[in-house]
Each structure stands twice: as structure tokens, then as C-alpha cells.
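Structure first, commentary second.
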Amino acid sequence: MDYIENALNLAKQSSCAGDYNFFQALREVLTSIRPAIERHPHYTENRIVERIIYPNREIHFTIEWLNDRNEIEINNGYRIQFNNALGPYKGGVRFHPTVNPDILKFLAFEQIFKNAITGLHIGGAKGGADFNPKGRSDQEIMKFCQAFMTAFYNSVGADIDILGGDIGVGEREVGYLFGQYKTLTNTYNSIITSKPLSLGGSEGRNSATGYGLVYFTQTLLEDMEESLKGKICTISGAGNVAIHAIEKLYALGAIPVTCSDSTGAIHDPNGIDLALLKEIKLVKRLSLSAYAESRKSASYIRKEAYPEGSNYVWQIPCFAAFPCATQNELDIHAAQRLVSNGVHVVAEGANMPTTLEAVDYFKQNGVVFAPAKAANAGGVAVSVLEMSQNHTHNYLCAEEVDAKLRKIMADIYTHIKRTCDEYELDMDLVSGANILGFKRVADAMLAQGV
Ligand code: NDP
């Protein structure tokens, strides 16, 4: 039996049939590392593929807490500590009602290779809870974060497993999680990143994923003797990654014309008004419909008004598209429309926002496709800078962090491109990234013995 089917069968025996997102990620990685598996038989002899597809540890815990009405609420919490061959587990925490073991297994599996691609010594993990922070008071958010950490702190540690932010977990939540760990353990350890500056966070961490995404795209375009200057760009999402991507696109002279949230999408042909977007999404925490109400040039398309299920922003003609909202938000219909509208580059800011079918369609049609595990690795890279600043007490200024981020993103591109050349993959950055990440993890596993 082919190694891919063999590995998928093995994974199915230990997973539940509903692990749709995890199997999607597994199939993509296993398919694209074939050239490395064929060229290096010692990976097969040492059963690396079969070993890498099993999480080292899957933790499921219940979170019991009291809401503002003094009622007991119960949520499910999870942490998938997938692989620590390269270093301590590292990965974000997501609070969203859709969180389940499938989503977290896919995110943790992707995180292993993303972290490896950065060249830093960190393993891969992801965690979260099926808690919806929307509409909750500050007090409720704090109580939930404290209960989450109380249920799980024994598995965390600065050399064991380091948490971070993700959807629904920003600086406020990170601060509460950190505070509770400190109270429970009487330590001030770097067990979580994306901390506020007042708790030892790093300058530039908040913007690192969005800025890094644009730096990565800029580097690959320079390699193709192209640039973002004056180019129309479409972006989905209106959260941390999307807003900072828009900010950096403007800084490089591009024209970002869309954004979206869970209620609908904005098309603003004059360019997104960044100050207004920040005020609505970060300060007032409103729906994007409020953006269109304040800005005559913009149109707002409600999600329900767009029946294909895919995000409306992909209907808008553009040079470069940046999906920055959530997984599987760019499907084959959206890909077909983007290609027929002449898109040149698609770079993923969110994790796995593009379906496998859509990725294949881009490749077949000569669109340069930058996968998340390379293009959005700036966030985790600056998280490691945060950890290092916490350990050494030597803090960097914003300019120093930005210079390091630029270099890290440029190096990631260079190493992936070199891998593409080595395996004659042309501009297949998906395969180049997967092979690069896989080999780094596999070689570390081999070096440690069984
Ligand atoms: P945020 O919670 O800050 O923002 C997410 C945005 O996406 C929100 O505007 C949200 O809308 C929107 N959204 C969520 N679900 C949908 C949907 N089904 N359709 C349309 N829009 C939707 O998260 P981040 O920006 O931090 O994360 C976005 C993505 O980037 C995730 O995939 C995350 O895993 C990934 N990522 C984030 C990193 C980081 O450093 N933050 C690092 C690496 C990856 P609404 O405002 O209505 O909730």
C-alpha cells in the first residue's frame, strides 16, 4: 500500500470519523512530501511518517465557572501537544464555539511544520475551548480565563508547553491566563506569548503575523521582479491578522480594497479606511455594517446575501489576495473567480483558509500560492523573540523587532525556494514548505532515537 493511504488508515484508526479538517491537512502534507520520502529511504525505514501523524498527547478538560448571574457554566477545553522533537510545544489558544478536537488537531499538526520552517527550536501544539467570548462582560472573560488555566496549568511550562493567542484570545485574555498561572504556581515564567507590554510582551508581536505576511509576499514578488506598489489587493477578515496586513500593504504602496467579518464583507474601491476599520472592530467591537454606514464609498454585503457559502471578497478583481479570517473560507468557486479576474498571488494569513481543491486550481493556473505555514509564520517567530526577551531580560525596541521579522520572513522564503530548486518543484511553495518543515522535524526525531 502507498505510504499516504497507509498513514491515513493508521490515523483513522486512532481518530474519529469526523476529523475532517485534520485529514485535509494530513493529506496535503503527506502528498507533498513524496519527493523527500522517495529520496531518503531512512525516513521510511524509521517509520517517521507513521510516527509524525500521531499527537504525542491529547488533553481534554472541563472548565466550570460562574457567569455574572452567578450561574454555573461548563465548557470543553483541549490542548493537543502534537510533536516536541525540535523544542518545547508551542502554539496558540482559540476561544470560539466551533472549537473541537478535529480543528485543534489540524491546527496543531500544521503548527509543527510552521514552527520548523522558522528555523527556531519549538515543537507544535494548539489548544482552546468551545467558549464564545462575544457579548461577555470583562468580568466573565476574566473568570473564564482563570477557570481555563486552573483546569490545565499542570501541563504548561516554559520548557514544556508555551501558549499564545489566536481567534478570540487577544492581549486581554492572554493577560488573564498569565495572571492565573502566576497565582497558581508563584512563578513569573514565560508560559504564554502575545502578552501585553506591561507583562513582558514584545514590541511588534501584535502586528507580527499581518506584517510578516506582507513581508513574505514582498520578498517573493521581488524574486519575480514584481512589487505590490500600486496594486489592488483583497483581504478577508477584520481581526488582528487582517488589520495589520492592510496596514503594511498601505505602507508598501498597495491598495487594499476589501475586508470581512462573520456578518459580511466590505468593498471599498477607494481603499479601506484603516482608522475607521480599527475604531469599529478593535475599539467599538461592532459588525462591519457600521463601516459602510460611516463611509459613502463602501458597500457592505451581508453573508446571507451571498449564497455560494464562500466569502464575497473573492469576487473583487485584484492582483493579490490575502485570506486572513478562518479555515476553508476560499473554496473552488472563489478560486475560479479570482483566476478569471487575473489574480497573480494568493498568500494565506489565516490557517488553511484555502480548500485543497482551490489550492490545486491555483497551481494549475499559474497563480503563485504562499501557504499559511510559511506566510503567517511571523507571529510565532516574534513569539519566540518574546520568550527570549523574557529569559534574558534584554528587551528590544519596535524597530529592532521589525528588522528581525523582515529578515526571518525573507529567510523563510529563501529556504523554501532553495528546497523547491533542490527537488525541482518550480514555484510549488506548498510542497517546498512541507518538505523543508518535515525534514527538519524528521531529522530531529532520528537524532533522538526511538
Ligand atoms: P481575530 O479573532 O482577531 O479575527 C478573526 C476575524 O475573522 C474576525 O474579523 C472574524 O469576524 C472573522 N471571521 C471569523 N470567522 C469568520 C467566517 N466564518 N467568515 C468570515 N469572517 C470570519 O483572529 P486573528 O486575526 O488572530 O486570526 C485569524 C486567522 O489567522 C486564524 O486562522 C488564526 O489561526 C490565524 N493566525 C493568527 C495568528 C495571530 O498571531 N493572531 C498567527 C497565525 C495564524 P468577527 O469580527 O465577526 O468575529
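Hydrogens, waters and symmetry mates play no part in the numbers below; they use all other heavy atoms, side chains included. For ligands, and for the atoms within them, numbers begin at 1 and follow the listed sequence. Sequence positions, counted from 1, serve as the residue numbers for this chain.
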So, [X] side chain and [Y] main chain: donor-acceptor pair closer than 3.5 Å or not?
{"X": "N341", "Y": "Q315", "result": "yes"}
{"X": "R205", "Y": "T193", "result": "no"}
{"X": "S236", "Y": "C324", "result": "yes"}
{"X": "E173", "Y": "I141", "result": "no"}

For [atom], what's the nearest protein heavy atom and its distance?
{"atom": "atom 33 (C) of ligand 1", "value": "D166 OD1, 3.3 Å"}
{"atom": "atom 14 (C) of ligand 1", "value": "T326 CB, 4.4 Å"}
{"atom": "atom 37 (C) of ligand 1", "value": "V241 CG2, 3.5 Å"}
{"atom": "atom 42 (C) of ligand 1", "value": "T209 OG1, 3.3 Å"}

For this session: Using the six-membered ring wherever Trp is involved, compare the ring planes of F369 and F362 and label them parallel, tilted or perpendicular (cut-offs 30° and 60°).
Result: parallel
Check contact between [X] and ligand 1, using heavy atoms of the residue and a distance below 4.0 angstrom.
{"X": "R205", "answer": "yes"}
{"X": "K281", "answer": "yes"}
{"X": "G349", "answer": "yes"}
{"X": "G168", "answer": "yes"}
{"X": "H96", "answer": "no"}
{"X": "K134", "answer": "yes"}
{"X": "M352", "answer": "no"}

Exercise. Can you name the residues that form a salt bridge (charged side-chain N to carboxylate O under 4.0 Å, His left out) with K182, not counting sequence neighbours?
Worked result: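 Counting only residues at least two positions away or on another chain, K182 forms no salt bridge (charged side-chain N to carboxylate O under 4.0 Å, His left out).
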Can you name the closest pair of heavy atoms from [X] and [Y] and give their distance?
{"X": "I162", "Y": "I192", "answer": "CG2-N, 3.9 Å"}
{"X": "A238", "Y": "D261", "answer": "CB-CB, 4.4 Å"}
{"X": "L405", "Y": "A208", "answer": "CD2-O, 3.7 Å"}

Pairs of nitrogen or oxygen atoms closer than 3.5 Å, one from [X] and one from ligand 1: do any exist?
{"X": "S262", "answer": "yes"}
{"X": "N376", "answer": "no"}
{"X": "K126", "answer": "no"}
{"X": "A242", "answer": "no"}
{"X": "D261", "answer": "yes"}
{"X": "N351", "answer": "yes"}
{"X": "Q327", "answer": "no"}
{"X": "N240", "answer": "yes"}

Exercise. How does C324 reach ligand 1, by side chain, by backbone, by both or by neither, if only non-hydrogen atoms under 4.0 Å count?
Worked result: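 Contact part for C324 vs ligand 1: backbone (N, CA, C, O).
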Using a 4.0 Å cutoff against the non-hydrogen atoms of [X], which atoms of ligand 1 qualify?
{"X": "R94", "answer": "31 (C), 32 (O), 33 (C), 34 (O)"}
{"X": "K303", "answer": "17 (C), 18 (N), 19 (N), 20 (C)"}
{"X": "A238", "answer": "6 (C), 9 (O)"}

Exercise. Is the distance between the ring centroids of F82 and Y54 less than 6.0 Å?
Worked result: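 Centroid separation for F82 and Y54: 6.0 Å or greater.
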Whether the [X] and [Y] side chains hold a donor-acceptor pair (N or O, under 3.5 Å, no angle test) is what I'd like checked.
{"X": "Q81", "Y": "S155", "answer": "no"}
{"X": "N351", "Y": "Q327", "answer": "no"}
{"X": "S260", "Y": "N311", "answer": "yes"}

As a check for students: among [options], identify the option with a heavy atom nearest to [atom].
{"atom": "atom 28 (C) of ligand 1", "options": "A208, S260, A350, A325", "value": "A325"}
{"atom": "atom 2 (O) of ligand 1", "options": "I167, I280, N206, V169", "value": "I167"}
{"atom": "atom 4 (O) of ligand 1", "options": "G239, S383, G237", "value": "G239"}

Problem set entry | Set of ring pair (Phe, Tyr, Trp, His ring centres under 6.0 Å) partners for F144, sequence neighbours left out | W65, F95, F131
Exercise. Can we say K90 and D161 salt-bridge, meaning some charged N sits less than 4.0 Å from an Asp/Glu carboxylate O?
Worked result: no
